[in-house]
Number of protein chains: 2
Amino acid sequence: MSSLDSRIRSDLEGKIRSGEWPPGARIPTEHELVAHYGCARMTVHKAITALAAAGLIERRKKAGSFVARPHVQTAVIEIPDIAAIIAARGETYLFVQLQSARARSTALGEASSLAGFYLGPDVLALDGLHVAAGRPFCLEHRLISLAAAPEAADTDFSATAPGSWLLGHIPWTQARHRITACVAGAGGEALQIGRNAPCLQVERWTWRASQPVTFVRQLFPGDRYDLVAEFTPD
Amino acid sequence: MSSLDSRIRSDLEGKIRSGEWPPGARIPTEHELVAHYGCARMTVHKAITALAAAGLIERRKKAGSFVARPHVQTAVIEIPDIAAIIAARGETYLFVQLQSARARSTALGEASSLAGFYLGPDVLALDGLHVAAGRPFCLEHRLISLAAAPEAADTDFSATAPGSWLLGHIPWTQARHRITACVAGAGGEALQIGRNAPCLQVERWTWRASQPVTFVRQLFPGDRYDLVAEFTPD
DNA sequence: GTCGATATTTTGTCTAGACATTATCGGCTG
DNA sequence: CAGCCGATAATGTCTAGACAAAATATCGAC
């Protein structure tokens with residue numbers, strides 16, 4: 001926190017963010033910074049390396065270190081467990097299972113829409129509704145690979161959201177998210193909104209050690225949920 | 001890339017991701033790893049510190065290092081410049097200005113909706129349309145603080161997207177994003193879709209050195225754009 | 001002047017220690 | 001048994017070097 005390297009780092013970061021060192025400018029060499037701060041090179045190196053990892057500067061051997069030119073806005077969005085979202089709002093949370101089926105994946109018509117994401121021959125298909133403060137909050141359609149999560153076959157998801165359960169049982173996943181806007185369509189009835197109401201749709205494909213584990217499609221009424229991303233590159 | 005510390009790091013990471021070391025498990029101490037890999041402690045320390053920064057492990061003095069229990073899914077989404085999105089698709093890009101006005105911010109009715117985001121007394125208000133391959137792609141409404149970006153007053157935005165211009169002139173910002181689903185509403189005409197068509201709305205508030213710079217609201221037809229986030233924590 | 005080999009500068013990685021910090025453990029005391 | 005308190009074990013930071021790798025700069029030959 002107040003270690004020397006972090007002080008050096010925020011010192012340099014301040015000069016960049018304030019514009020004192022504009023994009024493209026060359027910053028002092030490690031050697032010069034060592035002389036300036038009166039410390040070992042490793043200490044300066046650690047500070048500069050962290051700035052480079054954060055994308056604020058670019059380093060080139062022999063040439064030096066330069067303030068980077070921003071090109072993309074990256075934002076970190078957190079997609080927490082839905083139960084956690086609702087708990088944070090101070091509302092009561094409930095999960096209701098609508099349908100559950102165990103099937104051979106080839107029997108699932110949608111298998112083809114999951115291009116390149118083959119969950120194995122044995123798949124659990126679950127439909128459920130997340131309810132916040134008595135109002136429908138999110139309609140969820142989920143497929144779970146029983147090869148990757150065999151315990152799921154013996155678990156009762158009638159009141160437990162499969163997302164929370166999976167997070168606790170098949171953790172440390174790799175995932176891909178897709179966020180789109182669409183109309184509620186057939187899901188409008190369960191969500192108690194019109195078929196033409198706009199919804200935020202989050203799709204997530206999840207792997208564990210490169211083995212597909214689960215796919216989920218979540219539909220949020222547009223007026224009940226939004227994603228907020230604070231972006232403080234550091 | 002193939003330095004010793006990165007090899008140690010991916011070695012440990014593999015044991016975590018494969019489940020060999022489940023969440024909550026204690027991983028070997030730095031001392032033990034030094035003995036195992038036959039290197040200096042700094043080298044092991046660098047590898048472990050990187051894993052801790054990535055959130056894969058938690059470290060507690062005296063107690064040791066433990067595989068973290070995942071609780072939130074964080075995803076890094078990149079929100080690139082719209083021109084870059086379209087260029088990446090290999091389509092032609094065009095920006096069309098619809099309206100431009102310089103105003104006292106109190107004269108803008110919406111000022112109140114930007115709670116806590118006061119752009120200063122002198123504001124530039126711009127409406128424009130991003131066009132990809134001849135079709136409307138994004139409707140944009142933007143406010144620029146002339147206190148933060150005085151050069152904007154003398155710039156011609158009739159064909160230059162203000163977003164690209166700002167990125168090059170007032171870089172290294174801090175930002176907040178909000179992503180919602182809504183209907184096109186009045187914007188439906190400019191986008192050549194129905195008023196009830198679902199849209200992805202991205203709002204972004206931008207600061208530079210804690211000074212508000214710009215606010216933008218972008219409306220994407222739901223079927224023409226989606227956000228994709230690859231999540232490979234590392 | 002142009003090309004190419006060599007020197008130099010700058011960053012990247014690593015070592016073998018030192019001391020600081022802090023939470024836990026175990027024992028001592030009341 | 002409860003509570004305090006010091007020993008200890010683990011991480012956190014830092015040093016003063018060393019060598020490696022890479023890219024630029026320089027100088028010489030032609």
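Chain identifiers are assigned alphabetically (A, B, ...) following the order of the sequence lines, protein sequences preceding nucleic acid strands; residue numbering begins at 1 within each chain. Bear in mind that the values here come from a model prediction, so they are computed numbers and not experimental data.
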All N/O pairs under 3.5 Å across the protein-nucleotides 16-23 of chain D interface:
unit_1: dA18(D); atom_1: N6; unit_2: Arg41(A); atom_2: NH2; d: 3.3

Has [X] got a side-chain N or O lying under 4.0 Å from the OP1 or OP2 atom of [N]?
X: Ser65(A); N: dT11(C); answer: yes
X: Ser3(B); N: dG12(C); answer: no
X: Thr43(B); N: dT13(C); answer: no

Exercise for review: Scan Thr49(A) against the nucleic acid and name what it touches under 4.0 Å (heavy atoms): base, sugar-phosphate only, or nothing.
Suggested key: nothing
Exercise for review: Quick one: label Leu4(B) by what it contacts on the DNA or RNA (base, sugar-phosphate, nothing), any heavy atom closer than 4.0 Å.
Suggested key: sugar-phosphate
Point to revise | Donor-acceptor pair, side chain of Thr214(A) and main chain of Leu143(A), under 3.5 angstrom | key: yes
Check your understanding: Within the side chain of Thr173(B), is there an N or O that forms a donor-acceptor pair under 3.5 Å with the backbone of Ala175(B)?
Key -> no
Review point. So, for His130(B) and Phe137(B), is the gap between ring centers shorter than 6.0 Å?
Key: no
**Study point:** By ring-ring contact (aromatic ring centres under 6.0 Å, His included) - contacts of Trp165(B) (at least two apart)
**Key:** Phe157(B), His169(B)
Any side-chain heavy atom of [X] within less than 4.5 Å of one from [Y]?
X: Thr206(A); Y: Arg208(A); value: no
X: Trp21(B); Y: Leu12(B); value: yes
X: Glu58(B); Y: Arg69(B); value: no

Return the value, rounded to whole Å, for the distance between atom [atom1] of [X] and atom [atom2] of [N].
X: Arg59(A); N: dT13(C); atom1: CZ; atom2: C1'; value: 12 Å
X: Arg9(B); N: dC14(C); atom1: CZ; atom2: P; value: 14 Å
X: Arg7(A); N: dC14(D); atom1: CZ; atom2: P; value: 8 Å
X: Asp5(A); N: dA20(C); atom1: CG; atom2: C1'; value: 14 Å
X: Glu58(B); N: dT11(D); atom1: CD; atom2: P; value: 14 Å
X: Lys46(A); N: dT15(D); atom1: NZ; atom2: C1'; value: 13 Å
X: Ile48(A); N: dC14(D); atom1: CD1; atom2: P; value: 14 Å
X: Ile57(A); N: dT11(C); atom1: CD1; atom2: C1'; value: 11 Å

Review point. What parts of residues 21-31 of chain A reach DNA chain C, counting only heavy atoms under 4.0 Å away?
Key: Arg26(A), Thr29(A), Glu30(A)
Review point. Salt bridge check: are Glu30(B) and Arg59(B) linked by an N-O gap of less than 4.0 Å?
Key: yes
Review point. Side chains of Asp81(B) and Ser164(B): is there a donor and an acceptor less than 3.5 Å apart?
Key: yes
